[in-house]
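The structure appears right after this line, and notes come after that.
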Amino acid sequence: MTHPFQKRSPSSDDLMAVYNRLNAAHGPLHWWPGESAFEISIGAILAQNTAWRNVTATLRNLRSAGIWSIQAIHRTPLERLAETIRPSGYFNTKARKLKEFAAFITGQFGGDLDACLALPGHQLRPRLLTVWGIGEETADDVVLYAAGQPSFVIDAYTRRIVDRLGWRTSGNRYADYQALFHERLPHDAALFNQYHALLVRHGARTCRPKPLCERCPLLDICPTGPNPAEG
DNA sequence: TACCAGGTGACTG
DNA sequence: CAGTCACATGGT
(Lines give C-alpha, C1' and ligand atoms only; values in the text may rest on other atoms or scores of the structure.)
Protein backbone atom coordinates (compact mmCIF):
# COMPACT_ATOMS: atom_id res chain seq x y z
CA MET A 1 0.00 0.00 0.00
CA THR A 2 1.75 3.11 -1.27
CA HIS A 3 0.49 6.70 -1.21
CA PRO A 4 -2.07 7.33 -3.91
CA PHE A 5 -1.24 10.57 -5.67
CA GLN A 6 -3.55 13.55 -5.33
CA LYS A 7 -6.02 13.83 -8.17
CA ARG A 8 -6.79 17.24 -9.61
CA SER A 9 -9.24 18.81 -11.98
CA PRO A 10 -7.44 19.34 -15.30
CA SER A 11 -7.70 22.50 -17.37
CA SER A 12 -8.67 22.77 -21.02
CA ASP A 13 -4.99 23.27 -21.76
CA ASP A 14 -4.17 20.02 -19.98
CA LEU A 15 -6.63 18.16 -22.17
CA MET A 16 -5.29 19.77 -25.33
CA ALA A 17 -1.69 19.10 -24.27
CA VAL A 18 -2.45 15.39 -24.04
CA TYR A 19 -4.24 15.52 -27.36
CA ASN A 20 -1.34 17.28 -29.04
CA ARG A 21 1.24 14.87 -27.64
CA LEU A 22 -0.69 11.81 -28.77
CA ASN A 23 -1.50 13.39 -32.11
CA ALA A 24 2.16 14.14 -32.73
CA ALA A 25 3.03 10.53 -31.88
CA HIS A 26 0.37 8.83 -33.98
CA GLY A 27 -0.96 11.27 -36.58
CA PRO A 28 -4.47 11.13 -38.05
CA LEU A 29 -6.12 7.77 -37.35
CA HIS A 30 -9.19 8.02 -39.59
CA TRP A 31 -11.66 6.49 -37.20
CA TRP A 32 -14.10 4.69 -37.07
CA PRO A 33 -12.82 1.70 -39.11
CA GLY A 34 -15.90 1.11 -41.25
CA GLU A 35 -17.21 2.77 -44.36
CA SER A 36 -20.97 3.07 -44.04
CA ALA A 37 -23.25 4.20 -41.24
CA PHE A 38 -24.64 0.68 -41.22
CA GLU A 39 -21.23 -0.93 -40.76
CA ILE A 40 -20.25 1.54 -38.05
CA SER A 41 -23.50 1.05 -36.15
CA ILE A 42 -23.50 -2.74 -36.10
CA GLY A 43 -19.75 -2.72 -35.52
CA ALA A 44 -20.35 -0.68 -32.38
CA ILE A 45 -22.69 -3.34 -31.03
CA LEU A 46 -20.43 -6.22 -32.03
CA ALA A 47 -17.40 -4.53 -30.44
CA GLN A 48 -18.91 -4.40 -26.95
CA ASN A 49 -16.23 -5.73 -24.57
CA THR A 50 -14.61 -7.56 -27.46
CA ALA A 51 -11.29 -7.32 -29.29
CA TRP A 52 -11.68 -5.47 -32.57
CA ARG A 53 -9.95 -8.32 -34.41
CA ASN A 54 -12.93 -10.54 -33.64
CA VAL A 55 -15.31 -7.89 -34.91
CA THR A 56 -13.64 -7.68 -38.31
CA ALA A 57 -14.05 -11.44 -38.75
CA THR A 58 -17.71 -11.11 -37.82
CA LEU A 59 -18.31 -8.26 -40.25
CA ARG A 60 -16.79 -10.40 -43.03
CA ASN A 61 -19.13 -13.24 -42.09
CA LEU A 62 -22.16 -10.99 -42.23
CA ARG A 63 -21.19 -9.49 -45.56
CA SER A 64 -20.52 -12.83 -47.20
CA ALA A 65 -23.76 -14.22 -45.76
CA GLY A 66 -25.63 -11.38 -47.45
CA ILE A 67 -26.76 -10.01 -44.08
CA TRP A 68 -25.68 -6.48 -44.83
CA SER A 69 -28.57 -4.10 -44.27
CA ILE A 70 -31.09 -3.22 -41.58
CA GLN A 71 -33.69 -5.11 -43.61
CA ALA A 72 -31.53 -8.23 -43.87
CA ILE A 73 -30.90 -8.28 -40.11
CA HIS A 74 -34.59 -7.72 -39.51
CA ARG A 75 -35.65 -10.73 -41.57
CA THR A 76 -32.83 -13.13 -40.67
CA PRO A 77 -33.85 -15.68 -38.01
CA LEU A 78 -32.21 -15.09 -34.62
CA GLU A 79 -30.48 -18.48 -34.59
CA ARG A 80 -28.92 -17.99 -38.01
CA LEU A 81 -27.82 -14.47 -37.10
CA ALA A 82 -26.24 -15.75 -33.89
CA GLU A 83 -24.31 -18.42 -35.76
CA THR A 84 -23.03 -15.88 -38.27
CA ILE A 85 -21.71 -13.50 -35.60
CA ARG A 86 -20.15 -16.22 -33.42
CA PRO A 87 -16.56 -14.87 -33.66
CA SER A 88 -17.48 -11.63 -31.90
CA GLY A 89 -18.32 -13.45 -28.66
CA TYR A 90 -21.56 -13.13 -26.67
CA PHE A 91 -23.13 -14.17 -29.93
CA ASN A 92 -26.60 -14.99 -28.59
CA THR A 93 -26.80 -11.71 -26.70
CA LYS A 94 -25.44 -9.68 -29.59
CA ALA A 95 -27.74 -11.35 -32.11
CA ARG A 96 -30.65 -10.14 -30.05
CA LYS A 97 -29.12 -6.67 -29.83
CA LEU A 98 -28.76 -6.47 -33.61
CA LYS A 99 -32.37 -7.59 -34.03
CA GLU A 100 -33.56 -5.01 -31.50
CA PHE A 101 -31.68 -2.28 -33.33
CA ALA A 102 -33.07 -3.35 -36.71
CA ALA A 103 -36.58 -3.48 -35.26
CA PHE A 104 -36.12 0.03 -33.88
CA ILE A 105 -34.99 1.47 -37.22
CA THR A 106 -37.72 -0.42 -39.03
CA GLY A 107 -40.52 0.49 -36.64
CA GLN A 108 -39.62 4.12 -35.98
CA PHE A 109 -37.82 5.23 -39.16
CA GLY A 110 -39.30 3.01 -41.85
CA GLY A 111 -36.05 1.05 -42.06
CA ASP A 112 -34.11 4.19 -43.02
CA LEU A 113 -30.99 4.34 -40.87
CA ASP A 114 -29.91 7.65 -42.38
CA ALA A 115 -33.22 9.22 -41.37
CA CYS A 116 -32.54 8.18 -37.78
CA LEU A 117 -28.99 9.52 -37.88
CA ALA A 118 -30.23 12.83 -39.27
CA LEU A 119 -31.81 13.63 -35.90
CA PRO A 120 -29.85 16.27 -33.99
CA GLY A 121 -27.48 14.62 -31.53
CA HIS A 122 -29.36 15.77 -28.46
CA GLN A 123 -32.40 13.91 -29.76
CA LEU A 124 -30.57 11.00 -31.36
CA ARG A 125 -28.68 9.89 -28.27
CA PRO A 126 -31.70 9.43 -25.97
CA ARG A 127 -33.61 7.69 -28.75
CA LEU A 128 -30.76 5.21 -29.21
CA LEU A 129 -30.66 4.58 -25.47
CA THR A 130 -34.23 3.27 -25.60
CA VAL A 131 -33.02 0.33 -27.67
CA TRP A 132 -32.27 -2.82 -25.67
CA GLY A 133 -28.54 -3.51 -25.99
CA ILE A 134 -27.48 0.05 -26.76
CA GLY A 135 -25.90 1.68 -23.73
CA GLU A 136 -24.13 4.99 -23.38
CA GLU A 137 -20.89 4.08 -25.11
CA THR A 138 -22.54 2.38 -28.08
CA ALA A 139 -24.96 5.30 -28.43
CA ASP A 140 -22.04 7.73 -28.48
CA ASP A 141 -20.19 5.59 -31.03
CA VAL A 142 -23.19 5.90 -33.32
CA VAL A 143 -23.72 9.63 -32.66
CA LEU A 144 -20.05 10.50 -33.18
CA TYR A 145 -18.82 8.07 -35.79
CA ALA A 146 -21.96 7.24 -37.78
CA ALA A 147 -23.85 10.54 -37.45
CA GLY A 148 -20.78 12.79 -37.24
CA GLN A 149 -22.05 14.79 -34.28
CA PRO A 150 -19.91 15.72 -31.27
CA SER A 151 -20.53 13.38 -28.32
CA PHE A 152 -17.37 12.23 -26.56
CA VAL A 153 -17.02 8.45 -26.33
CA ILE A 154 -15.96 7.03 -22.96
CA ASP A 155 -14.61 3.51 -22.96
CA ALA A 156 -12.43 1.36 -20.74
CA TYR A 157 -9.26 2.83 -22.27
CA THR A 158 -10.42 6.38 -21.66
CA ARG A 159 -11.23 5.67 -18.02
CA ARG A 160 -7.88 4.01 -17.42
CA ILE A 161 -5.92 6.86 -19.01
CA VAL A 162 -7.92 9.57 -17.20
CA ASP A 163 -7.39 7.79 -13.90
CA ARG A 164 -3.65 7.35 -14.43
CA LEU A 165 -3.22 10.98 -15.45
CA GLY A 166 -4.70 11.88 -12.07
CA TRP A 167 -7.57 13.77 -13.64
CA ARG A 168 -10.35 14.09 -11.08
CA THR A 169 -13.91 13.40 -12.14
CA SER A 170 -16.99 14.29 -10.11
CA GLY A 171 -17.90 10.61 -9.82
CA ASN A 172 -17.34 7.22 -11.37
CA ARG A 173 -20.21 7.11 -13.83
CA TYR A 174 -20.04 7.35 -17.60
CA ALA A 175 -21.52 10.86 -17.51
CA ASP A 176 -18.86 12.01 -15.05
CA TYR A 177 -16.04 11.03 -17.37
CA GLN A 178 -17.83 12.44 -20.39
CA ALA A 179 -18.38 15.77 -18.62
CA LEU A 180 -14.63 16.08 -18.10
CA PHE A 181 -14.21 16.33 -21.87
CA HIS A 182 -17.47 18.13 -22.71
CA GLU A 183 -16.78 20.91 -20.24
CA ARG A 184 -13.23 21.56 -21.46
CA LEU A 185 -13.17 21.04 -25.21
CA PRO A 186 -14.91 22.72 -28.12
CA HIS A 187 -17.79 20.49 -29.22
CA ASP A 188 -16.24 19.59 -32.54
CA ALA A 189 -16.90 16.19 -34.11
CA ALA A 190 -13.52 15.98 -35.84
CA LEU A 191 -11.71 16.75 -32.58
CA PHE A 192 -13.78 14.25 -30.54
CA ASN A 193 -13.29 11.64 -33.26
CA GLN A 194 -9.52 11.90 -33.35
CA TYR A 195 -9.14 12.36 -29.58
CA HIS A 196 -11.00 9.19 -28.79
CA ALA A 197 -9.14 7.31 -31.53
CA LEU A 198 -5.86 8.45 -29.97
CA LEU A 199 -6.96 7.33 -26.51
CA VAL A 200 -7.82 3.88 -27.86
CA ARG A 201 -4.48 3.61 -29.62
CA HIS A 202 -2.61 4.80 -26.54
CA GLY A 203 -4.56 2.53 -24.21
CA ALA A 204 -4.08 -0.52 -26.40
CA ARG A 205 -0.38 -0.10 -27.15
CA THR A 206 1.18 1.84 -24.28
CA CYS A 207 -1.12 2.61 -21.35
CA ARG A 208 -1.98 -1.08 -21.08
CA PRO A 209 -3.16 -2.80 -17.88
CA LYS A 210 0.55 -3.19 -17.20
CA PRO A 211 1.72 0.12 -18.62
CA LEU A 212 4.78 0.44 -20.86
CA CYS A 213 5.84 3.79 -19.44
CA GLU A 214 9.29 3.84 -21.01
CA ARG A 215 7.70 4.43 -24.42
CA CYS A 216 4.97 6.83 -23.24
CA PRO A 217 4.82 10.33 -24.80
CA LEU A 218 2.94 11.54 -21.70
CA LEU A 219 5.45 10.29 -19.17
CA ASP A 220 6.62 13.70 -17.92
CA ILE A 221 3.08 14.92 -17.29
CA CYS A 222 1.70 11.67 -15.80
CA PRO A 223 1.71 11.28 -12.00
CA THR A 224 1.41 7.51 -12.23
CA GLY A 225 4.95 7.14 -13.54
CA PRO A 226 6.87 4.01 -14.46
CA ASN A 227 6.13 2.32 -11.16
CA PRO A 228 2.37 2.68 -10.77
CA ALA A 229 1.18 2.66 -7.22
CA GLU A 230 -2.10 0.90 -7.79
CA GLY A 231 -1.80 -0.58 -11.27
C1' DT B 1 -2.52 -20.76 -18.41
C1' DA B 2 -4.81 -16.93 -17.02
C1' DC B 3 -5.89 -12.62 -18.57
C1' DC B 4 -7.67 -9.23 -21.64
C1' DA B 5 -10.53 -7.11 -25.25
C1' DG B 6 -13.09 -0.12 -28.11
C1' DG B 7 -20.15 -3.03 -22.58
C1' DT B 8 -24.91 -3.92 -21.24
C1' DG B 9 -28.72 -5.41 -18.57
C1' DA B 10 -30.47 -7.98 -14.63
C1' DC B 11 -30.33 -8.42 -9.99
C1' DT B 12 -29.10 -7.47 -5.05
C1' DG B 13 -28.56 -5.01 -0.54
C1' DC C 1 -27.17 4.27 -5.86
C1' DA C 2 -23.08 1.06 -5.90
C1' DG C 3 -21.61 -3.56 -6.43
C1' DT C 4 -21.78 -8.16 -8.75
C1' DC C 5 -22.76 -11.37 -12.30
C1' DA C 6 -23.67 -13.60 -16.98
C1' DC C 7 -22.71 -13.26 -21.50
C1' DA C 8 -18.29 -15.99 -25.10
C1' DT C 9 -14.75 -15.88 -28.75
C1' DG C 10 -9.84 -15.47 -29.92
C1' DG C 11 -5.00 -13.69 -29.15
C1' DT C 12 -0.91 -13.41 -26.14
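It should be emphasised that the depicted structure is a prediction, and the values quoted were computed from it without experimental measurement. Every chain is numbered from 1 and lettered A, B, ... according to where its sequence line falls, protein lines coming before strand lines.
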**Complete:** Of the listed B:dA10, C:dA8, B:dT8, the closest approach to the A:Y90 side chain comes from C:dA8
**Which nucleotide in C:dA8, B:dC4, B:dT8 has an atom nearest any side-chain atom of A:K97** = B:dT8
**Asked** Closest approach of A:A25 and A:P217, non-hydrogen atoms and distance?
**Response** CB-CG, 4.3 Å
**Message:** Can you confirm whether the side chains of A:Y177 and A:D155 place a donor and an acceptor under 3.5 Å from each other?
**Reply:** no
**Request:** Please report, rounded to the nearest Å, how far the C1' atom of B:dG7 is from the CZ atom of A:R173.
**Result:** 18 Å
**Asked** Within this structure, what is the CD1-to-C1' distance between A:I85 and C:dG10, rounded to whole angstrom?
**Response** 15 Å
**Asked** Under 4.0 Å: is that the gap between some side-chain N or O of A:T93 and OP1 or OP2 of B:dG9?
**Response** no
**Request:** Verify whether one side chain among A:D14 and A:S11 offers a donor that lies under 3.5 Å from an acceptor in the other.
**Result:** yes
**Request:** Select base, sugar-phosphate, or nothing to describe what A:R86 touches, counting heavy atoms under 4.0 Å on all strands.
**Result:** sugar-phosphate
**Request:** Would you mind reading off the distance between A:R96 atom CZ and B:dG7 atom C1', rounded to a whole angstrom?
**Result:** 15 Å
**Message:** Can you measure A:E137 atom CD to B:dG7 atom P for me and round it to whole angstrom units?
**Reply:** 5 Å
**Message:** Apply side chain to side chain contact (heavy atoms under 4.5 Å, CB included) to residues A:V153 and A:Y195 and explain how you reach the verdict.
**Reply:** CA-CA 9 Å; A:V153 176; A:Y195 205 148; over 6 Å; no
**Message:** What contact category does A:R160 fall into here, base, sugar-phosphate, or nothing, at under 4.0 angstrom with non-hydrogen atoms?
**Reply:** sugar-phosphate
**Item:** Rounded distance in Å between the P positions of B:dT8 and C:dG10
**Value:** 22 Å
**Request:** May I ask you to evaluate whether A:N49 reaches the phosphate of C:dC7, defined as a side-chain N or O under 4.0 Å from OP1 or OP2?
**Result:** no
**A:T138, nearest nucleotide to its side chain (from C:dT9, B:dG7, B:dA5)** = B:dG7
**Fill in**
In whole angstroms, the gap separating C1' of B:dG7 from CD of A:E136 amounts to 11 Å
**Message:** Can you confirm whether A:L59 sits close enough to A:W68 that some side-chain heavy atom of one is under 4.5 Å from a side-chain heavy atom of the other?
**Reply:** yes
**Asked** If you measure from the P atom in C:dA8 to the same atom in B:dA2, how many Å do you get, rounded?
**Response** 22 Å
**Fill in**
Whichever of A:L129 and A:A51 has the more 5' nearest nucleotide on DNA chain B, that residue is A:A51
**Prompt:** Rounded to the nearest Å, what distance is computed from the CD atom of residue A:Q48 to the P atom of nucleotide C:dG10?
**Reply:** 18 Å
**Request:** Hey, which sits more toward the 5' end of DNA chain B by its nearest nucleotide, A:W132 or A:A204?
**Result:** A:A204
**Item:** N/O (side chain, A:W52) to phosphate O (OP1/OP2, C:dG10) under 4.0 Å
**Value:** no
**Step-by-step salt bridge (charged side-chain N to carboxylate O under 4.0 Å, His left out) determination, A:R86 to A:E83** = CA-CA 5 Å; A:R86 179 180 280 273; A:E83 204 50 45; 3.0 Å; yes
**Message:** By nearest atom, which of the nucleotides C:dA8, B:dA10, B:dT8 is closest to the A:F91 side chain?
**Reply:** C:dA8
**Minimum-distance nucleotide to A:R53 side chain [options: C:dT12, B:dA5, C:dT9]** = C:dT12
**Message:** Rounded to whole Å, how long is the line connecting atom CG of A:D155 with atom P of B:dT8?
**Reply:** 10 Å
**Request:** Could you state the atom-to-atom distance from CG of A:L98 to P of B:dT8 in whole Å?
**Result:** 14 Å
